[in-house]
Amino acid sequence: MKILVCITHVPDTTARIAFTDNNTRFDKTGVQYIIGPYDDYALARAVELKEQLGGSITALNVGGSETEPTIRKALAIGADDAVRVDAEPTDSFFVANQIAHVARDGHYDLILMGRESIDYNGGQVHGMVGELLGIPSVSPVMTLIVEGQKVKMTREIEGGKEFVEADMPLVAGCQEPIAEWKIPNMRGIMSARTKPLHVVAPVSDEQRTHVGSYELLPPKAGVKLVDPNDMAGLVNLLKNEAKVI
Amino acid sequence: MATLVFLEIDEGSVKKSSFEAISYASAINAETTAVAFGDLSADDLAKIGKAGATKLLHVTDAPFAQPNSMAYASALAEAMEKTGADTLVLAKSSLGDAIAARTSVKLSASLISNVTSLPGEEGGFSVRKSIYTGKAFANTQSVTSRRVLTLRKNAALIREDGQTVAVEGFQPTVRDADFNVKVLSREKATGEILLPEADIVVSGGRGMKGPENWNLIEGLAQALGAATGCSKPVSDMDWRPHREHVGQTGLKVAPSLYIAVGISGAIQHLAGVNSSKYILVINKDPEAPFFKAADYGVVGDAFEVLPRLTEAVKAQLG
Ligand SMILES: Cc1cc2nc3c(=O)[nH]c(=O)nc-3n(C[C@H](O)[C@H](O)[C@H](O)COP(=O)(O)OP(=O)(O)OC[C@H]3O[C@@H](n4cnc5c(N)ncnc54)[C@H](O)[C@@H]3O)c2cc1C
Ligand SMILES: Nc1ncnc2c1ncn2[C@@H]1O[C@H](COP(=O)(O)O)[C@@H](O)[C@H]1O
């Protein structure tokens with residue numbers, strides 16, 4: 001069983017979001033970076049599958065050298081080796097193209113990703129990689145079990161869930177409760193230092209979108225407090241001032 | 001050039017977000033073709049025209065009856081070629097996302113997701129998309145001649161002044177490879193207002209103390225015609241199903257009114273709701289961070305406030 005896990009290097013969920021250079025660049029000052037929370041679920045499930053079925057896990061990130069501590073963390077959690085495609089991940093097609101290239105060379109049975117990255121929130125890369133490789137992509141996946149060449153999954157749909165089955169190879173975009181997040185232990189952290197991390201050049205520079213500028217969400221004007229004994233007054237505000245009910 | 005819109009059908013009806021997609025597409029170009037898979041009611045057919053579609057490609061072939069992102073992507077790519085459209089518009093959803101990604105690759109088109117605005121007037125095709133879980137926007141330009149857009153809720157108002165839509169049958173090519181993923185079964189709450197589509201959401205947090213108290217949340221939701229949501233600890237403790245959990249690692253909602261009851265307002269929860277038009281917070285702690293993100297607030301005990309609010313809603317809305 002060969003598993004490829006694609007991880008993002010993203011600002012911590014509590015990070016302050018700000019932009020610099022005339023709102024053309026994300027301000028990295030003081031920002032803590034983590035493995036994308038959904039990618040962490042994908043990695044955790046990969047570790048469980050390897051324990052159960054044997055095989056190997058490769059972690060993959062498309063990013064500059066600053067992402068290496070995040071990649072080392074994936075190695076500490078349980079990936080056997082890692083690949084970093086040395087390029088800024090500026091466009092989801094660009095990223096998908098790099099991932100598809102690595103995946104083609106490695107002949108993986110399963111390609112696990114997060115349901116979405118928490119910086120660009122596209123939920124796009126898995127579908128694109130599936131299409132580029134001509135294999136199925138399923139997302140968001142809440143449970144995933146392997147039975148021979150088949151993978152059985154629960155997929156969340158609006159208002160419920162769907163039970164699906166597909167042959168490997170395939171791409172899955174993972175979310176909870178697929179596995180419990182794994183915290184690296186001391187042995188993992190020590191061994192991560194010597195596990196191979198291959199840096200490769202991007203295969204293509206084709207990009208299909210370009211971000212001109214960024215904007216922050218405008219701040220709220222301030223809360224209007226209503227006396228808990230005056231719920232008729234509150235309903236009146238919602239109805240006649242906000243006009244939302 | 002012309003636009004194409006994917007219509008998502010849920011429990012036999014076209015989703016509201018798909019009507020938004022039609023009106024959005026028709027604002028880019030009046031020559032808007034909608035594509036629907038499966039049966040349509042006469043009522044929906046009329047609404048498709050009113051929302052701004054001039055033509056409907058209707059697929060009724062059996063292989064396309066079940067939602068299938070791979071088969072739908074192939075069919076939509078074929079429809080793009082057939083109509084000569086240069087822009088495909090879909091409402092963002094778990095189905096829409098997968099179709100959009102695969103179709104964009106088939107068409108060598110750009111893909112912009114979470115779009116919140118119509119393209120700007122200045123040169124090139126540039127739209128605003130929501131990023132960093134609703135905390136910011138990126139003005140994003142498409143650098144290819146064709147593009148695929150997924151819309152966030154409320155990206156466009158639904159028009160009602162359109163004409164009758166011309167219906168044409170469409171038999172897409174059936175490709176075996178698109179049927180690799182077999183749906184074994186489906187579990188779905190029926191008759192419920194879908195949380196991602198809801199105009200009003202009433203959400204409960206750990207302050208509700210336990211699942212036995214959810215009748216208070218449901219009572220208010222029912223009086224308002226709202227969907228119910230919850231914070232992550234609430235779904236982690238199985239007080240509520242996982243699909244109701246709102247936030248950074250849950251659902252992102254953008255209703256007109258979000259009512260948060262007994263939720264502290266952690267940054268990861270706010271990430272899922274900060275695109276709401278209005279936020280009402282009910283919390284007994286005046287220092288709860290949620291009040292900073294709110295438009296209206298009630299400092300009080302949910303167990304006293306909720307029944308009163310529900311009564312007041314019933315009294316004024318009848
Ligand atoms: C990586 C990561 C991702 C996360 N993702 C999410 C996410 O997607 N969604 C999410 O919600 N959380 C998420 N969290 C968790 C988040 O940080 C908070 O822990 C969580 O939102 C708190 O839930 P809560 O407000 O219901 O509970 P609490 O923080 O315990 O707040 C309960 C609130 O209820 C009030 N209260 C108590 N009793 C009453 C009463 N009788 N009447 C009125 N008010 C009362 C209290 O004053 C308090 O403000 C995430 C955390 C991490 C680390
Ligand atoms: N730069 C990247 N490097 C590696 N994997 C990525 C990268 N960007 C996105 N992915 C993967 O694709 C998933 C979906 O990302 P997105 O389409 O951006 O929401 C993520 O959860 C990751 O698993």
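What you are looking at is a predicted structure, and each value in this text was computed from that prediction instead of being measured. To find a chain, count down the sequence lines: A is the first, B the second, and so on, and within it residues start at 1.
Across G130(A), G123(A), S139(A), the residue that shares the most heavy-atom pairs under 4.5 angstrom with chain B is G130(A). Between chain A and the residues L251(B), L280(B), N180(B), the largest count of heavy-atom pairs under 4.5 Å involves N180(B). Chain B forms more heavy-atom pairs under 4.5 Å with one residue of K243(A), R155(A), R115(A), K152(A) than with any other, namely R155(A). Highest contact tally toward chain B, considering only G160(A), S213(A), A166(A), A232(A), is held by S213(A) [criterion: heavy-atom pairs under 4.5 Å].
Only the backbone of K292(B) comes within contact range of chain A, with heavy atoms under 4.5 Å apart. Only the side chain of N114(B) comes within contact range of chain A, with at least one heavy atom under 4.5 Å from a heavy atom of that chain. When heavy atoms are compared at a cutoff of 4.5 Å, L184(B) approaches chain A by way of both its backbone and its side chain. With a 4.5 Å cut-off on non-hydrogen atoms, T310(B) does not touch chain A at all. With a 4.5 Å cut-off on non-hydrogen atoms, K239(A) touches chain B through its side chain but not through its backbone. Using a 4.5 Å cut-off between heavy atoms, A227(B) makes no contact with chain A at all. Proximity to chain A (any heavy atom under 4.5 Å) is restricted, for R128(B), to the side chain, taken from C-beta onward. Using a 4.5 Å cut-off between heavy atoms, I118(A) contacts chain B through both its backbone and its side chain. At a 4.5 Å heavy-atom cutoff, the contact between I135(A) and chain B is made by backbone atoms alone. If you measure heavy-atom distances from I112(B) to chain A, the contacts under 4.5 Å come from both the backbone and the side chain. Looking at A293(B), only its backbone comes within 4.5 Å of chain A, counting heavy atoms on both sides. With a 4.5 Å cut-off on non-hydrogen atoms, I282(B) does not touch chain A at all. When heavy atoms are compared at a cutoff of 4.5 Å, A100(B) does not approach chain A at all. K284(B) does not touch chain A: none of its heavy atoms, backbone or side chain, sits under 4.5 Å away. Proximity to chain A (any heavy atom under 4.5 Å) is restricted, for L224(B), to the side chain, taken from C-beta onward. Looking at S74(B), there are no atoms closer than 4.5 Å to chain A (heavy atoms on both sides), in backbone or side chain.
Side chains of S94(B) and E158(A): a donor on one and an acceptor on the other come within 3.5 Å. A donor atom on one side chain and an acceptor atom on the other are not found under 3.5 Å apart for T13(A) and Q248(B).
Put simply, OH on Y278(B) and CD on E241(A) are 7.0 Å apart, with the number rounded to the nearest 0.5 Å.
For R16(A), the CZ atom is loosely surrounded, since the number of other residues' heavy atoms within 6.0 Å does not exceed 12.
Between R243(B) and E156(A) there is no salt bridge, since no side-chain N of the basic residue sits under 4.0 Å from a carboxylate O of the acidic one.
Shown here are the side-chain contact (heavy atoms from CB on, under 4.5 Å) partners of K277(B), two or more places apart in sequence or in another chain: S256(B).
Side-chain contact check for P228(A) versus R308(B): some heavy-atom pair is nearer than 4.5 Å.
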